[in-house]
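Remarks on the structure that follows.
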Amino acid sequence: MRSIPVRPVVAPVTAAERSDAARNRERLLLAARELIEQGGAAALTMDRLAEQAGVGKGTVFRRFGSRAGLMLTLLNDSEAAFQARFLFGPPPLGPGAPPLDRLIAFGAGRIAYVVEFGELVLAAGNASRGRFEVPAAALWDRHVEMLLREAGAESPEPWLMAGSLNATLDPERLLHLIREHGVTCERLAASWRELVTRVVTSAYGTR
């Protein structure tokens, strides 16, 4: 008589287990933020996070996959909030203002965002591949392209111009100007305003 293989019985995931997983995730994220506050993003390693949170290193990797995954998770809430502001929020950043005003507000908003979350943005970008293809970066480009088209941009290629404009908001560039050259956020925002105003008014003949 042939023996019938016995399949292991997998118990269903209970609500309590899901709740425990959510609490563990928040515990890890809290520990990660504490490490960043203490020593910057460079201080946040998977080993130190496991030690800070009192869990095994394997638990950290199972939760986030990699250091880049951890950084992106930390950025997720803040990035989602910023996206909601420029997609659905009040003008001039959100809908309802002229396209040039929205472009100006978008740049000022990104500059403020980088100042607040720059360490995480840099660490996430440097630790991951294809940082120019991540969904958030693609959304920024599409948003700026849309505003250029609304402002009357028929040619040259507005998608290419959008990428060029967003390159001036690169976190590494902005933080270098702030930290190494003492450029203030106000000066950066004023420079962005001048740039997009020139692009819109000279190239596309509209405000």
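Between E79 and R85 no salt bridge is recorded (no basic side-chain N to carboxylate O distance below 4.0 Å).
Note on ring orientation: taking the six-membered ring where Trp is involved, the planes of H143 and F106 are tilted (angle from 30° to 60°). By the 30° and 60° cut-offs, the orientation of the rings of F82 relative to Y113 is tilted.
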Assess whether salt bridge (Lys or Arg N to Asp or Glu O under 4.0 Å) is satisfied between R63 and E26, documenting all intermediate values. CA-CA 11 Å; R63 172 60 63 180; E26 291 306 313; over 6 Å; no
Could you give me the CA-CA distance, side-chain angles and deciding distance for D47 and E51, then say whether side chain to side chain contact (heavy atoms under 4.5 Å, CB included) is met? CA-CA 6 Å; D47 287 319; E51 180 181 357; over 6 Å; no
Given the rule in the side chain to side chain contact (heavy atoms under 4.5 Å, CB included) test, do R142 and M146 qualify, once you have shown the distances and angles that lead to the verdict? CA-CA 6 Å; R142 288 198 299 271; M146 177 197 73; over 6 Å; no
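A search for salt bridge (Lys or Arg N to Asp or Glu O under 4.0 Å) contacts involving R102 returns nothing, not counting sequence neighbours. In terms of the salt bridge (Lys or Arg N to Asp or Glu O under 4.0 Å) criterion, residue partners of E194 (sequence neighbours excluded) are, by chain and number, R198.
The two atoms that bring R67 and L44 nearest to each other are NE-O, 2.7 Å, heavy atoms only. Looking at every heavy atom in both residues, G163 comes nearest to D141 through CA-OD1, 3.8 Å. Summarising the geometry of L87 relative to P95, their closest heavy-atom pair is O-CG, 3.3 Å, with the distance given to 0.1 Å. Contact detail for L70 and A32: the closest heavy-atom pair is CD1-CB, 4.4 Å. Nearest approach of P92 to A97, heavy atoms of both residues: CA-CB, 3.6 Å. Here the closest heavy-atom approach between residue A43 and residue L35 is recorded as CB-O, 3.9 Å.
Atom CG of L188 is separated from atom CG of L169 by 9.0 Å, given to the nearest 0.5 angstrom. Separation of atoms CD1 (I178) and CZ (R173) is listed at 10.0 Å; rounding is to 0.5 Å. Here CZ of R27 is found 10.5 Å from CD of Q52. Values are rounded to the nearest 0.5 Å. Expressed to the nearest 0.5 Å, how far OG of S191 lies from CD of E186 amounts to 13.0 Å.
A 4.5 Å side-chain heavy-atom check between M71 and F64 finds every atom pair outside the cut-off. Looking at R25 and L29, their side chains come closer than 4.5 Å, going by heavy atoms from C-beta outward. Counting heavy atoms from C-beta outward, L195 and T168 have side chains that approach closer than 4.5 Å. Using a 4.5 Å heavy-atom cutoff, the side chains of W192 and L165 are in contact. Residues L148 and V199 are in side-chain contact: their nearest non-hydrogen atoms beyond the backbone lie under 4.5 Å apart.
Under the 4.5 Å side-chain heavy-atom criterion for grouping Ile, Leu, Val, Met, Phe, Trp and Tyr, L28 is not connected to L30 through any hydrophobic cluster. One hydrophobic cluster, built from ILVMFWY side chains closer than 4.5 Å, holds both L74 and V115. Residues L139 and V114 fall within the same hydrophobic cluster, defined by Ile, Leu, Val, Met, Phe, Trp and Tyr side chains chained together at heavy-atom separations under 4.5 Å.
Heavy-atom contacts from other residues, nucleotides or ligands closer than 6.0 Å to CD of Q38 number more than 12.
The backbone N or O of T197 sits less than 3.5 Å from a side-chain atom of T201, completing a donor-acceptor pair. A donor-acceptor pair is defined here as one N or O able to donate and one able to accept, closer than 3.5 Å; such a pair exists between the side chain of N166 and the backbone of W140.
When each of R149, E150, E145 is tested with L147 by the rule side chain to side chain contact (heavy atoms under 4.5 Å, CB included), just one qualifies, namely E150.
The closest side-chain donor-acceptor pair between T184 and R187, if any, does not fall under 3.5 angstrom.
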